[in-house]
Amino acid sequence: MTAEAMAERSDGWLRERADEEFGAGQRRFFQHEVESYGARGDAVREIARLVYGEVKRWTPEQRDELMERLWKLGRLESGAVVCHVMRRFARGFGRREFDLFERWLEEHVRNWAHTDGVASWLVAGCLARDERLLARVWRWTDSPNRWKRRAAAVSLLQEAKQGRQTEFVLRVAKKLVADRDDMVEKGVGWLLKEAYPRRPVEVVRFLVAEGARASRLTLRYAAEKMSAADRRRVLGGAAGREGERERRGGRAKQDS
């Protein structure tokens, strides 16, 4: 079967499983405009399994052509199929695949769900096999593309969960912690939340030092897995700093 025929078949499967009411709910849920078939998650995973069964023996070039065609369908679920299928090939990921996934972030990713699928599954698979690619991820922290900045944090989730690359994880968090795009704020908070169980001392120390630059949204996400004492230390310190800023602002208004 050709990539074109497989993409057409995948499109047909997704349309067959469409639920317009569910699709309308998806579009309301996302803060950004998305196009959706209205296929539920279990249906998307089933279709991804069918696609994988067809393509698992294809060459990487044939597979890439199919994934490109699925992205160009422009739907939430077709992009999810790409992520579900490609993660099954993670053992073979390297620099070639990193280049491909970076291009997808630039050309096809337009919402947080696709960002997280590409970053936390696919890019993360590359990083686990070649830590030299961390330098490429670092560049994303300066990107004007909000999804690449979010991906800089989310691509490190697996490293953070395993307690690996902690210095780099915190370096990325420090660079992004003052970013006031809510998608980036949540990504940084998520990264710190996952780093905490293996590296609690380092994460709390980081947030005590950098908390004044962090948003309340980032801090709430970061504190979700903390002990009660650490949560009070992180969130209480932030509340105190906010109160002091408000008091200073009030005094400044009175003086004027």
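We're numbering straight along the sequence, starting at 1.
- Ser36 contributes no side-chain N or O that, together with a main-chain N or O of Leu76, makes up a donor-acceptor pair within less than 3.5 Å.
- Looking only at side-chain heavy atoms (C-beta outward), Arg63 and Met86 come within less than 4.5 Å of each other.
- Hydrophobic clustering keeps Val201 apart from Leu170 (ILVMFWY residues linked when any side-chain heavy atoms are closer than 4.5 Å, directly or through intermediates).
- For the atom pair Lys225 NZ and Asp230 CG, the distance stands at 14.5 Å (nearest 0.5 Å).
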| field | Step-by-step side chain to side chain contact (heavy atoms under 4.5 Å, CB included) determination, Leu191 to Val154 | value | CA-CA 6 Å; Leu191 177 62; Val154 175; over 6 Å; no
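- Under a hydrophobic clustering in which Ile, Leu, Val, Met, Phe, Trp and Tyr are joined whenever their side-chain heavy atoms come within less than 4.5 Å, directly or via other members, Leu235 and Val208 fall into the same cluster.
- Residues satisfying the salt bridge (Lys or Arg N to Asp or Glu O under 4.0 Å) criterion with Arg136, sequence neighbours excluded, are Asp99, Glu102.
- The salt bridge (Lys or Arg N to Asp or Glu O under 4.0 Å) search around Glu224 returns Lys193, not counting sequence neighbours.
- More than 12 heavy atoms of other shown residues, nucleotides or ligands fall within 6.0 angstrom of atom CZ in Arg180.
- Residues forming a ring-ring contact (aromatic ring centres under 6.0 Å, His included) with Phe101 (at least two apart in sequence, or on another chain): Phe93, Trp104.
- Taking CD from Glu185 and CG from Leu217, the interatomic distance works out to 5.0 Å, rounded to the nearest 0.5 Å.
- You'll find the side chain of Val51 reaches within 4.5 Å of the side chain of Val55, heavy atoms only.
- The shortest non-hydrogen separation linking Ala222 to Leu207 is CB-CD1, 3.9 Å.
- Taking the six-membered ring for Trp and the full ring otherwise, Trp190 and Tyr196 have centroids separated by 6.0 Å or more.
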| query | How far apart are the C-alpha atoms of Met67 and Val85, what are their side-chain angles, what is the distance that settles it, and do they pass the side chain to side chain contact (heavy atoms under 4.5 Å, CB included) test? | reply | CA-CA 9 Å; Met67 299 307 138; Val85 172; 3.7 Å; yes
| task | List the steps and the verdict of side chain to side chain contact (heavy atoms under 4.5 Å, CB included) for Lys186 and Met183. | result | CA-CA 5 Å; Lys186 292 176 182 178; Met183 291 292 102; 3.9 Å; yes
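- Leu122 contributes atom CG, which lies 11.0 Å from atom OG of Ser155 (distance to the nearest 0.5 angstrom).
- Considering CG of Leu70 and CD of Glu65, their distance stands at 10.5 Å, rounded to 0.5 Å.
- The number of heavy-atom neighbours closer than 6.0 Å to NZ of Lys175, taken from other residues, nucleotides and ligands shown, is above 12.
- Across every non-hydrogen atom of Leu73 and Ser78, the tightest pair is CB-OG, 3.7 Å.
- A side-chain donor-acceptor contact under 3.5 Å links Arg110 to the backbone of Glu107.
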| field | Stepwise side-chain hydrogen bond (donor to acceptor under 3.5 Å, both in side chains) test for Tyr37 and Asp19 | value | CA-CA 7 Å; Tyr37 293 96; Asp19 179 330; over 6 Å; no
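- Annotation: Glu167, atom CD; neighbour count of heavy atoms from other residues, nucleotides and ligands within 6.0 Å does not exceed 12.
- Here the shortest heavy-atom pairing between Ala152 and Val172 reads O-CG1, 3.9 Å.
- Scanning both residues, Leu192 and Ala173, for their nearest heavy atoms gives CD2-CB, 4.0 Å.
- Taking both residues in full, the closest heavy atoms of Ala90 and Arg129 are given as O-NE, 3.1 Å, listed atom of the first, atom of the second, then distance.
- With hydrogens and angles disregarded, no donor-acceptor distance shorter than 3.5 Å links the side chain of Arg149 to the backbone of Thr141.
- Salt-bridge annotation for Glu210 and Arg213: present, with a side-chain N of the basic residue lying under 4.0 Å from a carboxylate O of the acidic one.
- Under the 4.5 Å side-chain criterion, counting only non-hydrogen atoms from C-beta, Arg171 is in contact with Trp138.
- The CZ atom of Arg75 sits 9.0 Å away from atom CG of Leu14, with the distance rounded to the nearest 0.5 Å.
- Arg103 and Glu68 are joined by a salt bridge, as a carboxylate oxygen and a charged side-chain nitrogen come within less than 4.0 angstrom of each other.
- Distance alone, capped at 3.5 Å, places no donor-acceptor pair between the Arg17 side chain and the Gly38 backbone.
- Other residues, nucleotides and ligands contribute at most 12 non-hydrogen atoms within 6.0 Å of the CD atom of Glu131.
- By the salt bridge (Lys or Arg N to Asp or Glu O under 4.0 Å) test, Arg220 pairs with no residue at all, sequence neighbours left out.
- Rounding to the nearest 0.5 angstrom, the gap separating the CD atom in Glu194 from the NZ atom in Lys161 is 4.5 Å.
- Under the 3.5 Å distance criterion, the side-chain polar atoms of Trp58 are matched with a main-chain donor or acceptor of Glu54.
- The side-chain contact (heavy atoms from CB on, under 4.5 Å) with Met6 is formed by just one residue from the set Met1, Gln62, Arg69; it is Met1.
- Taking the six-membered ring for Trp and thresholds of 30 and 60 degrees, Trp112 and Phe30 have nearly parallel ring planes, at less than 30 degrees apart.
- For Trp121, the side-chain contact (heavy atoms from CB on, under 4.5 Å) test picks out Cys83, His84, Arg87, with sequence neighbours left out.
- Evaluation of the salt bridge (Lys or Arg N to Asp or Glu O under 4.0 Å) rule for Glu20 yields Arg27 as partners, not counting sequence neighbours.
- A salt bridge links Asp116 with Arg150: the closest approach of a Lys/Arg side-chain nitrogen to an acidic carboxylate oxygen falls below 4.0 angstrom.
- Hydrophobic clustering keeps Val177 apart from Tyr221 (ILVMFWY residues linked when any side-chain heavy atoms are closer than 4.5 Å, directly or through intermediates).
- Tracing side-chain contacts under 4.5 Å through hydrophobic residues (I, L, V, M, F, W, Y), one never reaches Phe22 starting from Val81; they form parts of separate clusters.
- Salt bridge absent: Asp142 and Lys148 never bring a charged side-chain N and a carboxylate O closer than 4.0 Å.
- Under the 4.5 Å side-chain criterion, counting only non-hydrogen atoms from C-beta, Thr166 is not in contact with Val203.
- Gln158 approaches Ala124 most closely through the heavy-atom pair CG-CB, 4.0 Å.
- Salt bridge Arg132/Asp130: present, at least one basic N to carboxylate O contact under 4.0 Å.
- At distances below 3.5 Å, not a single donor-acceptor pair connects side-chain atoms of Arg164 with backbone N or O atoms of Ala160.
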| query | Are Asn145 and Leu105 close enough, and set up right, to give a side chain to side chain contact (heavy atoms under 4.5 Å, CB included), and what steps lead you there? | reply | CA-CA 9 Å; Asn145 182 333; Leu105 286 168; 5.6 Å; no
